[in-house]
Structure formats: C-alpha cells, structure tokens
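Each remark here refers to the structure printed beneath this line.
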Amino acid sequence: MTQSASILQTTNRLVVKIGSALLVADDGTLRSAWLAALAADIARLRARGLDIVIISSGAIAVGRRALGLAAGPRNRALRLEEAQAAAATGQIRLAHAWQETLAQHDIPVAQILLTLDDTENRRRFLNARSTMNTLLGMGVVPVVNENDSVATDEIRYGDNDQLAARVAQMIGADTCILLTDIDGLYSADPNINDNAEHIGEVTLMTPDILAMAGGPRSADGSGGMETKLTAASITMGAGCRMGIADGSELSPLTLLEDGARCTWFLPQSEPRTARKQWIAASAKDAGTLTVDAGAATALGKGKSLLPAGILKVEGQFSRGDMVAVIGQDQTALARGLAAYGDQDARQIIGHKSDEIEALLGYRGREEMIHRDDLVLRDVAPGESFEENEPNNE
Ligand code: GLU
C-alpha cells in the first residue's frame with residue numbers, strides 16, 4: 001500500500017482544498033469533466049465512511065468572466081472591489097456546480113462562507129464548528145470558501161490554503177489535502193534549478209523547510225508555496241496530516257492513493273491532544289464554576305460538565321470563553337470553554353439538562369462544558385495551572 005493510501009485508510013475526517021486553476025479553465029469556464037471525476041473520487045471515499053469537507057476556490061476566477069472582467073485565473077490582478085464583485089457573482093455558479101455534480105452521487109452539499117473572524121473569535125469559531133459538525137453528522141459535504149465579497153484586506157485570509165488549514169483544525173480533521181498544480185514541495189524552484197529535489201515528507205517545520213517557500217509559485221489563485229507552508233504549520237500544530245498534491249489530472253485523489261508523488265507534512269501529536277493543549281495553554285480564565293463532588297468525580301472519568309452539578313458561577317463571560325472549574329474546597333479541577341454565558345449559566349445551574357429550554361427559552365447544548373472543550377487539571381494542588389500544562393501551540 002502506498003503512503004498516501006495508508007494515510008487515507010486511517011482518515012476519518014478529510015479536508016480537500018481545490019485551487020482555482022484546477023477548477024476553472026483559462027477562459028473562465030468551469031472544468032466540468034475534472035469536477036465530475038473529482039466528485040467520483042469523493043463519493044468513493046465517502047462510501048468508505050470518511051467525512052469530507054471541500055474548500056473550493058474559483059469564485060473570483062469564474063465571476064470575473066461573468067462580469068466581463070477579463071476571464072480566467074491567470075489574468076491581470078483585479079482591484080479589491082472588482083474581486084469582491086466577481087466573487088459574489090462567481091460563488092453562486094461555483095456552489096451550483098458542486099451541488100449538481102455531487103448530486104450525481106446522491107451527496108447533499110452545503111455552502112459555508114467564512115471570514116477570518118469566524119475562526120479567530122472563539123464564539124464564532126464554536127458556532128461555525130457546530131454547524132460543520134451537524135452537517136457532517138447528516139452526511140452532507142460542506143463546500144467552504146472565503147466570504148470574499150464582504151472581507152476587506154485587513155480581515156481576510158486572502159488565500160484558501162490557510163482557510164483549509166483553519167477549517168481542518170476547527171473540525172478536528174485528521175487529514176487535509178491541498179490540490180494544486182505542482183506535486184509538492186521542492187528544495188528549490190524545479191523550473192529554474194535542475195538540482196531541485198522533491199521533498200516527500202516533512203515531520204518538523206524547520207527554517208530550512210520554510211526557506212523553500214521561495215520556490216515554485218503556483219499559478220492558481222492567490223496562494224503559492226509560502227501560504228501552503230503556513231497552512232502546514234497550522235495543521236501540524238493541530239495534529240492533522242497535510243498533503244500538497246498535483247490535481248491537474250482527472251481523479252487526483254485516486255492517483256494519489258495509487259502512488260502519485262506528493263509532499264506529506266506529518267505532525268507528531270493527535271488532533272485531540274493539540275486542541276486540548278490549546279485550551280490548557282490559554283492565558284486567562286474569564287470566570288469560575290464551582291462544582292459538587294458528583295460532578296468532580298464525573299469530570300475525572302472524562303465526562304462533560306452538566307449544569308446540574310454546578311453550585312456557583314463567578315465572573316463575567318460569554319459563550320465560548322475559557323472558564324476554570326473548581327471543587328467545593330477550591331481545588332482547581334479543570335478548565336474549558338463555556339457553552340453558555342455567565343447570565344444564562346446562573347439560571348440553569350443545579351437543573352437537569354432537559355429543563356434548559358424552559359428556563360432560557362431556547363435549546364442550547366446539554367452540557368455547560370462539553371468534554372471535547374475541557375481539560376482536566378492533573379497537577380498537585382497549589383501549583384499553577386499554566387505552568388504545568390504542555391504548551392505546544
Ligand atoms: N477565495 C478565492 C476564490 O474563491 C480564492 C482564494 C485562493 O485562490 O486561495 O476565488
């Protein structure tokens with residue numbers, strides 16, 4: 001079995017990013033045969049039980065043609081407002097194409113447009129994540145792009161490589177594949193340097209590796225090797241494997257499994273660990289929850305924190321903020337991301353989860369802190385939390 005095949009064999013959640021030049025021809029039309037072949041690849045992987053999220057570039061490349069702004073991804077740069085108008089026009093066509101093509105395989109599609117804020121702000125991050133998880137749970141393939149028509153320069157990723165990495169981190173993906181027009185990372189630009197060596201595997205993001213970003217510049221969209229290495233740093237920090245692979249030919253995911261050359265960035269830790277490290281490494285708690293002995297025992301067994309076991313809420317915090325969990329004797333037990341703000345929390349503590357809707361007038365999460373958003377404190381009493389948790393992010 002090839003390395004790529006064995007990586008995909010052990011993948012539960014896959015993010016696939018598609019560069020503009022793969023999806024959109026030079027004249028600005030969608031490459032429908034290519035898209036159809038990729039859809040067949042995706043259907044095959046879905047049938048094996050993988051959750052798949054697609055990050056699709058190409059809105060601007062498609063939209064500029066529709067608006068008569070010189071067609072295709074390889075033409076002159078657009079002014080920001082032109083690019084935003086093109087994105088708004090192209091995104092409908094792009095989403096439609098994905099919907100039609102995946103419908104051939106009875107795969108429902110959902111469109112999610114994100115801005116930088118949606119991943120940097122914890123509350124919005126949690127919201128976006130929960131939508132994405134709900135869709136995946138329903139067997140839907142989310143098709144994600146940056147919300148280019150509203151994102152201004154200061155608040156945009158600007159390239160879908162980083163967006164793909166952030167989404168992979170958000171949903172706890174174990175593999176992220178960037179399909180582009182080159183088969184991976186080279187030690188130098190292979191177009192001008194005959195001695196350029198292909199790098200098959202990276203396990204540590206060293207300055208030497210980062211220096212290779214000056215190499216070949218992909219013609220597609222706004223990315224290049226540089227943004228792909230930034231993406232790799234993000235996925236490696238999140239415990240997610242990332243591949244840079246050539247998507248020019250039909251059925252690129254099949255070709256990859258069959259042994260096509262690519263570069264794999266292989267992290268040293270599991271996604272859950274990295275995520276929990278992020279929680280543990282966070283600088284400050286916005287509030288404190290005091291819990292009863294039953295809840296303390298449940299936490300120790302890896303359970304979520306339910307409102308019923310909480311005795312007291314202190315501090316001011318919003319949904320998604322970091323809070324400390326302490327026992328009645330003030331011992332620090334855990335820390336995690338609150339699913340409710342302090343005001344709502346004060347109303348639901350001591351109550352069963354099925355009473356939440358009646359108390360608050362809306363149906364939120366059953367847990368005050370879900371176990372995925374919770375890190376236990378496993379240090380001796382008296383020691384500072386921050387100093388004793390691993391801080392690898
Ligand atoms: N979001 C842009 C688009 O859909 C593409 C950005 C990129 O190429 O990385 O046109």
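This one's a predicted model, so the numbers in the text were calculated from it and none came from an experiment. Counting convention: from 1, in listed order, for ligands and their atoms alike.
- Residue Asn145 places at least one N or O, backbone or side chain, under 3.5 Å from an N or O of ligand 1.
- Per-residue contacts place Asp159 under 4.0 angstrom from the following atoms of ligand 1 (heavy atoms of the residue considered): 9 (O).
- There is a side-chain donor-acceptor pair under 3.5 Å between Asn145 and Asn160.
- Every residue was checked against the side-chain hydrogen bond (donor to acceptor under 3.5 Å, both in side chains) condition with Asp106, not counting sequence neighbours, and none meets it.
- Between Arg363 and Asp354 no salt bridge is recorded (no basic side-chain N to carboxylate O distance below 4.0 Å).
- Residues Tyr186 and Met225 are members of one and the same hydrophobic cluster, defined by side-chain heavy-atom contacts under 4.5 angstrom among Ile, Leu, Val, Met, Phe, Trp and Tyr.
- Partners of Arg365 by side-chain hydrogen bond (donor to acceptor under 3.5 Å, both in side chains), not counting sequence neighbours, listed by chain and number: Glu367.
- Using a 4.0 Å heavy-atom cutoff, Ala87 is absent from the residues neighbouring ligand 1.
- One distance of note links CD1 of Ile60 with OG1 of Thr89; it measures 10.5 Å at 0.5 Å rounding.
- Below 3.5 Å of separation, one finds an N or O of Ile60 facing an N or O of ligand 1.
- Within the 4.0 Å heavy-atom criterion, the part of Asp148 lying near ligand 1 is the side chain and not the backbone.
- Polar contact check, Leu94 against ligand 1: no nitrogen or oxygen pair lies under 3.5 Å apart.
- The N/O atoms of Asp161, backbone and side chain alike, include none that comes under 3.5 Å of an N/O atom in ligand 1.
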